[in-house]
Amino acid sequence: MVATPRAGSPNRSQHANLLLDYPDLLPLAVAACTDDPEPRVGTGPFSPGFHLPEAGDDVREFFSAATARWQELGHYQDHRVTLLDLTGNPGTQTTKTFASLLIVARAVEYIRRSGESVMIFSPTSANKGTALRDAVLRALDAGLAEPEQLRVTTVAPRGCLPKLRGSRLSTDPALRALNPVLVYPGAEPEGVKAIGREFADRNADRVLAEQGCRLWFSLELANYLVADTARAFFEQTVDPIRADGPQRLHAHAVSSAFGLLGYHKGLDVLESAGRFDPALRPASLLVQHLGTPDMVLNLRHGDFDRASLPAYTMDGGLYRQDGDPRFPQTTFDPDEVLDPTFYTHAPATSPAMNAIIKGHGGDGIVVSLHECLERYPFVRQWLAPTGRPLPADPRMLREWSLTMALTGVLNAVDRSLIDPGRDLVVHGSGSYTTADYEPLAADALTEVRDAGDIAAALLGSR
């Protein structure tokens, strides 16, 4: 029998700016995430380093979008459920805001120190690219750089087009030319990573010679871990984990689990500083969908082989299985893609996440669209008093991360995959609807099928 969640108090919420409120801890996070904070030029791929501009009024305005909320949702069975809402920036409504602001701030500081221009280049399934573009525009609007000095190019799978957002970077002809959005029509969405990497490896020197820009291929784990460490700092400020309190579990809808890895790296920082007891470290719950359940498969079976998926049989218009509680009991399609944002196969981050779960507890669970729709009224009730209410019509939802995470938590509790009595923290890593943004116009897109096409789009020839 499914229990009904009890609503929490909408007044029990606290806020922070994750990039401005922890000036003593973020340098420690940088040191924990990289061996060398200095710029990397000459040999190997370019990096602007990890230095940030001084926090004057212009920089503070730029970072003002980096807000997070700690919001009690209520109780489910014997669990208190809290939302770590990372969707507060209206320009993105995803957690990618935080890392993207840091990435752009690092580029700004490099531009100021060196006098050189920087083109940030990144493959994306949608949200990462949206956040980078939003951060670049915020930097330009704050006067931190000139349009020719700070640029961004993204390449996204064609299946993610409905999630791409228009902005002044796409409507202003000059800015659109400097900050193109490339679209990959290949059958395998994750192909954007391969063609993007190939282009960067082959053409970084050419971009510098012909356009006077350092090409920064920013899709590296360290570039995202630093910002995500602040989730742990925020938690320990507003709702510290205590030895005399309930144990805790953190749940996150994941593709590569950058967010959870960053959170645990933040706990490493706090432990090293003597500000957190390692014995209190929370468990983790990975939530995935059937399109890419790779991290859950690897956690449970040690590989990414889809042969380990349970066998589904058609019954009453739905596919069903009851042999493995970590996979959907019902689904419209065993191969469905619930949200194209989650597109990473065989992520290199799996061993690190597996080790964290082995050492500190947790599990993984895969959800289906049918299960999310079954839970939708409960989830909508919980989120109604927060800054991320769900639409009455789920067909308007374009980003399913938060709904997936809450559905996974509810299913995991009902299937006894979570220890009784734990406090549950759900990372609200993304949630937006068709009413939240203007889609990117067709004339702002350029189709590319390989690295040569990217070179032609950016440099005029293959």
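Small disclaimer: the values here were computed from a predicted structure and weren't measured.
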Undergrad: Does any N or O in the side chain of Asp294 come within less than 3.5 Å of the main-chain N or O of Ala346, such that one atom is a donor and the other an acceptor?
TA: yes

Undergrad: Establish, from distance only, whether the side-chain atoms of His250 and Arg281 form a donor-acceptor pair under 3.5 Å.
TA: no

Undergrad: Apply side-chain contact (heavy atoms from CB on, under 4.5 Å) to residues Phe342 and Leu338 and explain how you reach the verdict.
TA: CA-CA 8 Å; Phe342 302 94; Leu338 173 52; over 6 Å; no

Undergrad: I'd like to check the side chain to side chain donor-acceptor pair (under 3.5 Å) partners of Thr292; sequence neighbours left out, ordered by chain and number.
TA: His289

Undergrad: Got a sec, which residues hit salt bridge (charged side-chain N to carboxylate O under 4.0 Å, His left out) with Arg69, two or more places apart in sequence or on another chain?
TA: none

Undergrad: Checking Tyr224 now: which residues fulfil ring-ring contact (aromatic ring centres under 6.0 Å, His included) with it, not counting sequence neighbours?
TA: Phe258

Undergrad: Check whether any side-chain N or O of Asn223 sits under 3.5 Å from a backbone N or O of Ser218 as a donor-acceptor pair, and report yes or no.
TA: yes

Undergrad: Are more than 12 heavy atoms, taken from residues, nucleotides or ligands other than Arg202, located less than 6.0 Å from that residue's CZ atom?
TA: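 Open: at most 12 neighbouring heavy atoms sit under 6.0 Å from CZ of Arg202.
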
Undergrad: With Lys128, which residues qualify under side chain to side chain donor-acceptor pair (under 3.5 Å), at least two apart?
TA: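 By the side chain to side chain donor-acceptor pair (under 3.5 Å) rule, Lys128 matches no residue at all.
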
Undergrad: Looking just at side-chain N and O atoms, do Glu188 and Tyr343 make a donor-acceptor pair shorter than 3.5 Å?
TA: no

Undergrad: Short question: side chain of Gln211, backbone of Leu458 - any donor-acceptor pair under 3.5 Å?
TA: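 Side chain of Gln211 to backbone of Leu458, a donor-acceptor pair under 3.5 Å: yes, one is there.
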
Undergrad: Tell me whether Asp205 at atom CG has more than 12 heavy atoms from other residues, nucleotides or ligands lying less than 6.0 Å away.
TA: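 Result for CG/Asp205: open.
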
Undergrad: Considering only NZ, NE, NH1 and NH2 on the basic side and carboxylate oxygens on the acidic side, decide whether Arg168 and Asp134 come within less than 4.0 Å.
TA: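 Between Asp134 and Arg168 there is no salt bridge, as every charged N stays at least 4.0 Å from the carboxylate O atoms.
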
Undergrad: Between His51 and Pro39, what is the shortest heavy-atom contact and its length?
TA: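 Nearest heavy atoms, His51 then Pro39: CD2-CD, 4.4 Å.
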
Undergrad: So, do Pro123 and Thr154 sit near enough that their side-chain heavy atoms are less than 4.5 Å apart?
TA: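 When only atoms from C-beta onward are counted, Thr154 and Pro123 do not touch, as no gap falls below 4.5 Å.
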
Undergrad: Using modelled atom types and a 3.5 Å cut-off, is there a donor and acceptor pairing between side-chain atoms of Asp339 and backbone atoms of Trp400?
TA: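 Between the backbone of Trp400 and the side chain of Asp339 there is a qualifying donor-acceptor contact (under 3.5 Å).
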
Undergrad: Do Arg248 and Arg80 have side chains that get closer than 4.5 Å, going by heavy atoms?
TA: yes

Undergrad: Leu406 versus Leu83: any side-chain heavy-atom pair under 4.5 Å?
TA: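 Sidechains of Leu83 and Leu406: no contact.
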
Undergrad: Which heavy-atom pair separates Ala107 from Leu150 by the least distance, and what is that distance?
TA: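 Smallest heavy-atom distance, with atoms named: CB-CD1, 4.0 Å.
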
Undergrad: For residues Ser461 and Arg206, is any side-chain donor paired with an opposing acceptor at under 3.5 Å?
TA: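 Arg206 and Ser461 do have a side-chain donor-acceptor pair below 3.5 Å.
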
Undergrad: Does the side chain of Leu249 come within less than 4.5 Å of Val425's, by heavy atoms?
TA: no

Undergrad: Within the 3.5 Å criterion, strictly below it, is a donor on Lys163 or Thr341 matched to an acceptor on the partner's side chain?
TA: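 Lys163 vs Thr341: donor-acceptor pair found between side chains.
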
Undergrad: With sequence neighbours excluded, what pairs up with Arg380 under the salt bridge (charged side-chain N to carboxylate O under 4.0 Å, His left out) test?
TA: none

Undergrad: Applying the side-chain hydrogen bond (donor to acceptor under 3.5 Å, both in side chains) criterion to Thr97, which one of Thr67, Thr92, Asn127 satisfies it?
TA: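 Per the side-chain hydrogen bond (donor to acceptor under 3.5 Å, both in side chains) rule, the option paired with Thr97 is Thr92, out of Thr67, Thr92, Asn127.
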
Undergrad: If we ignore hydrogens and angles and just use 3.5 Å, is the side chain of Asp436 paired with the main-chain N or O of Thr433 as donor and acceptor?
TA: yes

Undergrad: With a 4.5 Å heavy-atom cut-off, do Val118 and Arg151 have their side chains touching?
TA: no

Undergrad: Mind checking whether Ser431 and Leu397 have side chains closer than 4.5 Å, heavy atoms only?
TA: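 Sidechains of Leu397 and Ser431: in contact.
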
Undergrad: Would you check if the distance from the ring center of Phe50 to the ring center of Tyr110 is below 6.0 Å?
TA: no

Undergrad: Search all heavy atoms of Leu132 against all heavy atoms of Val152 and return the closest pair with its distance.
TA: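 For Leu132 versus Val152, the nearest heavy atoms are CB-CG2, 4.1 Å.
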
Undergrad: Just list the side-chain donor-acceptor pairs under 3.5 Å for residues 53-64, sequence neighbours left out, or say none.
TA:
| unit_1 | atom_1 | unit_2 | atom_2 | d |
| --- | --- | --- | --- | --- |
| Ser64 | OG | Glu61 | O | 2.7 |
| Ser64 | OG | Arg138 | NH2 | 2.9 |

Undergrad: Taking only Lys NZ, Arg NE, NH1 and NH2, and the carboxylate oxygens of Asp or Glu, determine whether Arg113 and Glu109 approach each other closer than 4.0 Å.
TA: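 Between Glu109 and Arg113 there is a salt bridge, with a charged N closer than 4.0 Å to a carboxylate O.
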
Undergrad: Using only atom types and a distance under 3.5 Å, with no angle test, would you say the side chain of Thr124 pairs donor to acceptor with the backbone of Gly129?
TA: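 Such a contact is found between Thr124 side chain and Gly129 backbone.
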
Undergrad: Under the 3.5 angstrom rule, does the side chain of Thr34 hit a backbone N or O of Val30 as a donor-acceptor pair?
TA: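 No.
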
Undergrad: Side chains of Ser255 and Thr344: any donor to acceptor distance under 3.5 Å?
TA: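 Their side chains do contain a donor-acceptor pair, which is all the 3.5 Å distance test asks for.
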
Undergrad: Just wondering, do Phe276 and Ile241 contact through their side chains at under 4.5 Å, heavy atoms?
TA: yes

Undergrad: Sort and list the pairs that fulfil ring-ring contact (aromatic ring centres under 6.0 Å, His included) and have at least one residue in residues 435-462, not counting sequence neighbours.
TA: Tyr432-Tyr437

Undergrad: I'd like to know if the side chain of Glu399 reaches the main chain of Ser401, judged simply by a donor and an acceptor atom lying under 3.5 Å from each other, with no hydrogens or angles considered.
TA: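 Checked: pair present.
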
Undergrad: Could you report the tightest heavy-atom contact between His427 and Leu86, atom names first, then the distance?
TA: ND1-CD1, 4.5 Å

Undergrad: If you take all heavy atoms of Cys160 and Ser125, which pair is closest and at what distance?
TA: SG-O, 2.7 Å

Undergrad: May I ask you to check whether His345 and Phe304 place their ring centres under 6.0 Å from each other?
TA: no

Undergrad: Who are the ring-ring contact (aromatic ring centres under 6.0 Å, His included) partners of Phe234, not counting sequence neighbours?
TA: none

Undergrad: Please list, chain by chain and in numerical order, all residues satisfying ring-ring contact (aromatic ring centres under 6.0 Å, His included) with His264, sequence neighbours excluded.
TA: none

Undergrad: Name all pairs fulfilling the ring-ring contact (aromatic ring centres under 6.0 Å, His included) condition that reach into residues 146-205, sequence neighbours left out, sorted by first residue then second.
TA: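 Residue pairs passing ring-ring contact (aromatic ring centres under 6.0 Å, His included), neighbours aside: Phe121-Phe199.
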
Undergrad: Who are the salt bridge (charged side-chain N to carboxylate O under 4.0 Å, His left out) partners of Arg462, not counting sequence neighbours?
TA: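 If we apply the salt bridge (charged side-chain N to carboxylate O under 4.0 Å, His left out) test to Arg462, skipping adjacent residues, the hits are Asp450, Asp453.
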
Undergrad: Does a salt bridge link Glu447 with Arg449, judged by any charged N lying under 4.0 Å from a carboxylate O?
TA: yes

Undergrad: For Tyr76 and Trp382, take the angle between the two ring planes, folded into 0 to 90°, and tell me which bin it lands in: parallel under 30, tilted 30 to 60, perpendicular over 60.
TA: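 Rings of Tyr76 and Trp382: perpendicular, over 60°.
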
Undergrad: Quick one: are Leu286 and Ile365 in side-chain contact, heavy atoms under 4.5 Å?
TA: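 No. Closest side-chain heavy atoms not under 4.5 Å.
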
Undergrad: Would you confirm whether Asp423, through its side chain, and Pro246, through its main-chain N or O, come within 3.5 Å as a donor-acceptor pair?
TA: no

Undergrad: For the residue pair Gln93 / Arg398, report whether a side-chain donor-acceptor contact shorter than 3.5 Å exists.
TA: no

Undergrad: For Leu445, which residues count as a side chain to side chain contact (heavy atoms under 4.5 Å, CB included) partner, sequence neighbours excluded?
TA: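 With sequence neighbours excluded, Leu445 shows a side chain to side chain contact (heavy atoms under 4.5 Å, CB included) to Leu161, Leu164, Val181, Val183, Leu440, given in chain and number order.
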
Undergrad: Quick one: closest heavy-atom pair of Glu148 and Cys213, and the distance?
TA: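 Where Glu148 meets Cys213 most closely, the heavy atoms are O-SG, 4.4 Å.
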
Undergrad: In terms of side-chain heavy atoms, does Ser170 have a donor or acceptor partner in Arg165 at a distance below 3.5 Å?
TA: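 On atom types as modelled, these side chains do not qualify, holding no pair under 3.5 Å.
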
Undergrad: With rounding to the nearest 0.5 angstrom, report the CZ to CE distance, Phe46 to Met119.
TA: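 So the gap between those two atoms works out to 12.0 Å.
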
Undergrad: Check for a donor-acceptor pair, side chain of Arg40 on one end and backbone N or O of Pro45 on the other, with a separation under 3.5 Å.
TA: yes

Undergrad: For the pair Thr130 and Lys96, evaluate side-chain contact (heavy atoms from CB on, under 4.5 Å) and give the outcome as yes or no after the intermediate values.
TA: CA-CA 8 Å; Thr130 292; Lys96 300 304 181 185; over 6 Å; no

